[in-house]
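Keep in mind that the numbers below use all heavy atoms, side chains included, and drop hydrogens, waters and symmetry copies.
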Amino acid sequence: MTIYYSLTFLLLAAEMVTFCLLVSPLPFTVRKKLFRFLSESPIVAKVAYGLKISFIFVGILFLDALQRMFRVTAETEMAKTGGQGMHDVRTETNFAARKFYAQRNTYLTGFCLFLSLVLARTFSIILDLIHTQEEYAKLKKVVGAGAKGDQSKQIEELKKKLAASEAKDRDFANLKKQAAQQAAEFDRLASKYNEATGAVSDKKSD
């Protein structure tokens with residue numbers, strides 16, 4: 001394996017480790033700090049810029065490996081159909097090895113490019129999820145504070161209504177008591193009046 005394909009393999013291994021780290025079940029605080037560091041750190045931004053340039057070279061390697069794989073496959077099929085030297089074991093082994101190396105390089109560079117797209121999309125989705133969770137926590141606190149304020153207002157209104165109702169009950173009880181006293185006084189005065197009028201009528205009859 002040449003040096004650039006060895007570097008591509010190391011890049012693919014690093015992508016696999018990074019993907020496992022991104023999808024690992026970390027606590028929310030640790031995940032938030034990690035992604036905030038990855039998204040805001042200038043060092044990580046420079047590394048990401050270098051990786052983008054390296055992925056351009058990997059894309060060129062992918063196109064070259066794909067073209068070479070098609071060419072080797074066509075040469076192998078042509079040799080099989082024409083029967084040119086395919087009876088020699090060394091020639092057949094040489095074609096098989098060339099085809100294997102071409103397919104290996106194609107799969108290596110292709111998976112490296114595909115995993116880079118998966119990593120970028122996974123990072124953006126998890127970052128959006130963290131922001132959404134933070135907004136939900138803030139909204140929950142605001143709603144909880146508002147609900148507490150509404151409950152305190154309702155309690156104050158109920159207390160005022162209860163105090164007004166108790167005042168009305170006291171006024172009604174006082175009014176009822178005054179009415180009873182006035183009725184008793186009226187009965188007393190009526191009895192006295194009847195007694196007085198009865199005494200006067202008795203004197204006139206005499």
Side-chain angles (χ1 to χ4, degrees), residues 1-140:
M1 186 182 292
T2 55
I3 184 65
Y4 41 85
Y5 284 117
S6 298
L7 293 176
T8 304
F9 176 75
L10 292 177
L11 183 60
L12 178 62
E15 288 177 343
M16 294 172 65
V17 173
T18 305
F19 180 76
C20 293
L21 181 63
L22 290 180
V23 299
S24 59
L26 298 174
F28 178 72
T29 55
V30 177
R31 185 188 298 273
K32 183 173 69 175
K33 291 180 180 179
L34 175 63
F35 277 83
R36 183 172 296 175
F37 172 76
L38 293 177
S39 60
E40 297 178 358
S41 175
I43 299 175
V44 177
K46 292 180 181 179
V47 173
Y49 181 75
L51 288 176
K52 289 179 181 178
I53 297 175
S54 65
F55 284 130
I56 294 175
F57 290 105
V58 173
I60 296 173
L61 289 176
F62 173 72
L63 295 176
D64 179 69
L66 191 64
Q67 183 180 3
R68 186 174 299 177
M69 184 183 68
F70 287 151
R71 186 174 68 248
V72 171
T73 303
E75 290 177 358
T76 304
E77 294 297 329
M78 187 180 298
K80 284 183 179 180
T81 55
Q84 299 177 356
M86 287 300 292
H87 297 290
D88 189 1
V89 177
R90 288 180 296 180
T91 304
E92 185 176 357
T93 304
N94 186 22
F95 275 109
R98 289 176 59 192
K99 186 177 181 180
F100 169 75
Y101 291 144
Q103 291 177 348
R104 181 203 64 187
N105 296 335
T106 302
Y107 296 147
L108 179 63
T109 53
F111 280 130
C112 186
L113 291 175
F114 176 73
L115 193 55
S116 67
L117 297 176
V118 172
L119 277 176
R121 185 57 182 165
T122 304
F123 181 79
S124 62
I125 290 174
I126 297 178
L127 196 61
D128 292 338
L129 179 62
I130 291 174
H131 289 322
T132 304
Q133 288 177 344
E134 290 178 349
E135 292 296 330
Y136 174 73
K138 292 179 182 178
L139 183 62
K140 191 175 180 181

Engineer: Looking only at non-hydrogen atoms, find the nearest pair between A65 and T106 and report the distance.
Structural biologist: O-OG1, 3.1 Å

Engineer: Quick one: pull up OG1 in T132 and CD1 in I125 and give me the separation to the nearest 0.5 Å.
Structural biologist: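 Those atoms lie 11.5 Å apart.
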
Engineer: Please collect all side-chain hydrogen bond (donor to acceptor under 3.5 Å, both in side chains) contacts where either partner lies in residues 10-22, sequence neighbours excluded, each pair once.
Structural biologist: none

Engineer: For R31, does the CZ atom sit with more than 12 other heavy atoms under 6.0 Å from it, leaving out its own atoms?
Structural biologist: yes

Engineer: Return yes when atom CD1 of I43 has more than 12 non-hydrogen atoms of other residues, nucleotides or ligands closer than 6.0 Å, and no otherwise.
Structural biologist: no

Engineer: Suppose we screen for ring-ring contact (aromatic ring centres under 6.0 Å, His included). Which residues come up paired with F123, at least two apart in sequence or across chains?
Structural biologist: F35

Engineer: Compare all side-chain heavy atoms of S124 with those of L127 and state whether any distance is below 4.5 angstrom.
Structural biologist: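 No; the side chains remain at least 4.5 Å from each other.
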
Engineer: Rounded to the nearest 0.5 Å, what separation is found between the CG atom of L129 and the CD atom of E134?
Structural biologist: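 Rounded to the nearest 0.5 Å, the CG-CD separation comes out at 10.0 Å.
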
Engineer: Taking all atoms of both residues into account, what is the closest heavy-atom pair of T73 and K99, and its distance?
Structural biologist: OG1-CE, 4.2 Å

Engineer: For the side chain of D64 and the backbone of I60, is there at least one donor-acceptor N/O pair under 3.5 Å apart?
Structural biologist: no

Engineer: Is the count of non-hydrogen atoms from other residues, nucleotides or ligands lying under 6.0 Å from Y101 atom OH greater than 12?
Structural biologist: no

Engineer: Picking from V58, L11, L12, what satisfies side-chain contact (heavy atoms from CB on, under 4.5 Å) with T109?
Structural biologist: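 So the option named by the test is V58.
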
Engineer: Does T122 use its side chain to pair, donor to acceptor, with the backbone of L119 at less than 3.5 Å?
Structural biologist: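 Not at all, since once roles are kept as given, no pair shorter than 3.5 Å links the two residues.
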
Engineer: Any chance you could measure L66, atom CG, to L61, atom CG, to the nearest 0.5 Å?
Structural biologist: 12.5 Å

Engineer: What do the steps show when you test Q133 against K32 for side-chain contact (heavy atoms from CB on, under 4.5 Å), and what is the final call?
Structural biologist: CA-CA 10 Å; Q133 288 177 344; K32 183 173 69 175; over 6 Å; no

Engineer: Using a 6.0 Å cut-off, check whether atom CZ of F57 has over 12 heavy atoms from anything other than its own residue.
Structural biologist: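 Atom CZ in F57 is not packed in, count stays at 12 or less.
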
Engineer: Decide side-chain contact (heavy atoms from CB on, under 4.5 Å) for L38 and L34; before the verdict, give the C-alpha distance in whole Å, the side-chain angles of both, and the deciding distance to 0.1 Å.
Structural biologist: CA-CA 6 Å; L38 293 177; L34 175 63; 4.2 Å; yes

Engineer: Nearest 0.5 Å please: distance from the CE atom of M16 over to the CZ atom of F111.
Structural biologist: 10.5 Å

Engineer: To the nearest 0.5 angstrom, please state how far the CD1 atom of I3 sits from the OG atom of S6.
Structural biologist: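 Taking CD1 in I3 and OG in S6, the distance rounds to 5.5 Å.
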
Engineer: Nearest 0.5 Å please: distance from the CZ atom of R104 over to the CE atom of M69.
Structural biologist: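 If we round to the nearest 0.5 Å, R104:CZ and M69:CE are 13.5 Å apart.
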
